[in-house]
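Input: a single structure, listed below in structure tokens.
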Amino acid sequence: MRSAGRRWHYLLFRWALMLLLLAVAVGLGYALLSLPQQAVGLSEQVSANMATSGVQNPVTAVLLNFRGYDTLLEMAVLLVALLGVWSLGSAEVHRKIDPEPVLSLLVGGLAPMMILMAGYLLWAGTNTPGGAFQAGSVLAAAGILLLLSSKRFPVRLMGWPLRVVLLLGLGTFAAVGMTLLFVSGGFLQYPSSLAGAFILFIEAAATLSIGVTLAALFLGGRPQAGPYR
Amino acid sequence: MSAVLLYALTGAGLFTLGLYALIIHAHLLRKILAINVMGSGVFLILVALGGRTAGAVPDVVPHAMVITGIVVAVSATALALALVLRVQAATGRAELPEEPLE
Amino acid sequence: MQVIYSAMALFLLMTLVTGLWRILRGPTPADRMLAAQLFGTTAVASLLLLAQALDRPHLRDVALVFALLATVTAVAFIRRAWTVWEEEQADE
Amino acid sequence: MILQWLFDSLLIIALLWLAWRLLGSADLFKAIVLFIAFGLVMALAWVRLDAPDVALAEAAIGAGLTGALLLSALARLNDLADTTHETHTPSGKK
């Protein structure tokens with residue numbers, strides 16, 4: 001039971017916190033309002049270099065070409081998050097499997113559609129909205145749907161094949177970058193005639209890795225063979 | 001006041017709301033939700049400020065960063081949830097002890 | 001025509017905000033989850049209208065992703081949260 | 001023009017209100033469902049800010065992944081609480 005003094009302290013803490021956060025909000029608002037009404041940002045540089053980027057979608061150009069190393073390091077972040085989850089223990093395996101006909105029918109129809117959608121987003125990402133991250137997320141959703149439907153995954157896929165796919169994105173990205181470092185003298189400096197092909201190649205590998213990494217993160221532990229709970 | 005600025009201010013509001021909830025709630029799952037709301041606020045500010053260009057085309061560099069940010073946020077959330085489950089398994093509760101001003 | 005599409009999108013956003021009431025009221029988890037799914041459906045419809053109104057055909061892709069992936073949340077709910085709740089109700 | 005303003009203000013009010021309710025809700029399950037709804041409204045805000053790429057990412061992650069992640073984590077949390085015989089408020093009960 002909380003004594004009257006403690007309770008008073010608690011209320012004081014609440015009010016002090018509210019005042020402090022009000023000050024933070026007002027400060028943030030003032031900072032935002034005092035910014036210039038119009039700013040060009042980096043849009044001029046982006047549009048000036050679009051011709052040499054190898055793709056038509058400016059967001060993909062920024063992600064895979066102009067700031068490619070950002071995306072490379074993000075793949076590493078995803079991998080580190082997965083390593084963190086795996087180091088906490090192995091995934092729980094469900095004790096009993098109850099076959100659910102409606103769910104299997106749904107998953108059997110939807111999962112292929114999602115994989116198709118992921119492929120479309122990856123392909124379309126070069127000139128319309130889309131790209132590796134979106135495609136990877138859709139792929140991960142297909143994987144999660146399969147995991148949720150208690151499909152039994154083959155044991156032999158849970159060992160090194162899984163790890164190869166997890167590393168594929170980061171590996172391809174780094175390998176292409178290093179090769180270009182020796183060939184053209186700059187890390188991830190694509191020759192402009194081949195830039196589109198390089199970007200699509202890296203994105204395809206990245207999509208697979210992002211999809212499998214996110215689905216593995218959903219599992220919440222090192223995978224074993226079996227239906228998951 | 002332009003519409004993009006209104007969205008930026010909304011982002012600041014979401015950030016503050018999230019920060020408040022992050023501090024006062026003891027349950028760890030609530031803290032994760034609060035951090036996600038704070039993140040959404042930051043993303044909203046970034047994209048809204050990218051829309052201040054004179055023409056019709058917004059600045060795409062913040063867009064690219066926000067896309068990577070969203071994916072990093074979801075993977076960090078997954079890691080945090082795994083940690084919360086470990087805390088629950090180890091201590092029997094997924095909360096920080098609620099003892100303000102010790 | 002654009003104005004009509006925009007007005008319809010606005011109307012859908014209004015119905016979406018009204019749907020919030022069901023999420024807040026419940027009373028069972030299934031009520032809340034279904035209201036969230038209704039949110040998804042309404043968002044798909046308003047995205048399609050916005051694609052016409054703002055002349056941005058690529059918004060249809062966003063709507064397609066929404067429609068496909070809303071199922072994942074529903075299935076996660078059925079497989080994880082709902083069974084737990086049902087067992088608890090059966091216990092009492 | 002007036003339609004645009006109405007749309008913006010409704011969207012902003014919905015965002016702030018959802019954030020407020022989801023962070024303040026006593027029931028964890030309700031908070032998670034409100035968070036899923038928050039993600040959906042966020043995707044509409046990205047569309048309004050002319051960022052279709054971000055809207056796609058938010059749609060894929062907000063509609064599909066985050067909801068599934070949070071719901072299954074909550075279910076496991078309740079399972080663990082049951083096995084350790086801790087008094088824990090289960091989702092969906094008053």
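Computed from heavy atoms alone, side chains included, the values below leave out hydrogens, waters and symmetry copies. The chains referred to below are lettered A, B, ... by the order of the sequence lines, with proteins before strands, and numbering in each begins at 1.
Between A:Ala141 and C:Leu69, the closest heavy-atom pair is CB-CD2, 3.5 Å. Closest of all the heavy-atom pairs between A:Leu148 and C:Val72 is CD1-O, 4.1 Å. When every heavy atom of A:Leu103 is checked against every heavy atom of C:Val75, the shortest pair comes out as CD1-CG1, 3.7 Å.
No more than 12 heavy atoms of other residues, nucleotides or ligands lie within 6.0 Å of CE in C:Met8, so this atom counts as exposed by the packing criterion. Counting non-hydrogen atoms of other residues, nucleotides and ligands closer than 6.0 Å to CH2 of A:Trp123 gives a total of 12 or fewer.
When heavy atoms are compared at a cutoff of 4.5 Å, A:Met114 approaches chain C by way of both its backbone and its side chain.
Rounded to the nearest 0.5 Å, atoms CZ (C:Arg56) and OG1 (A:Thr128) are 13.5 Å apart. C:Leu68 contributes atom CG, which lies 5.5 Å from atom CE of A:Met113 (distance to the nearest 0.5 angstrom).
Using a 4.5 Å cut-off on side-chain heavy atoms (C-beta onward), C:Val65 and A:Leu121 make contact.
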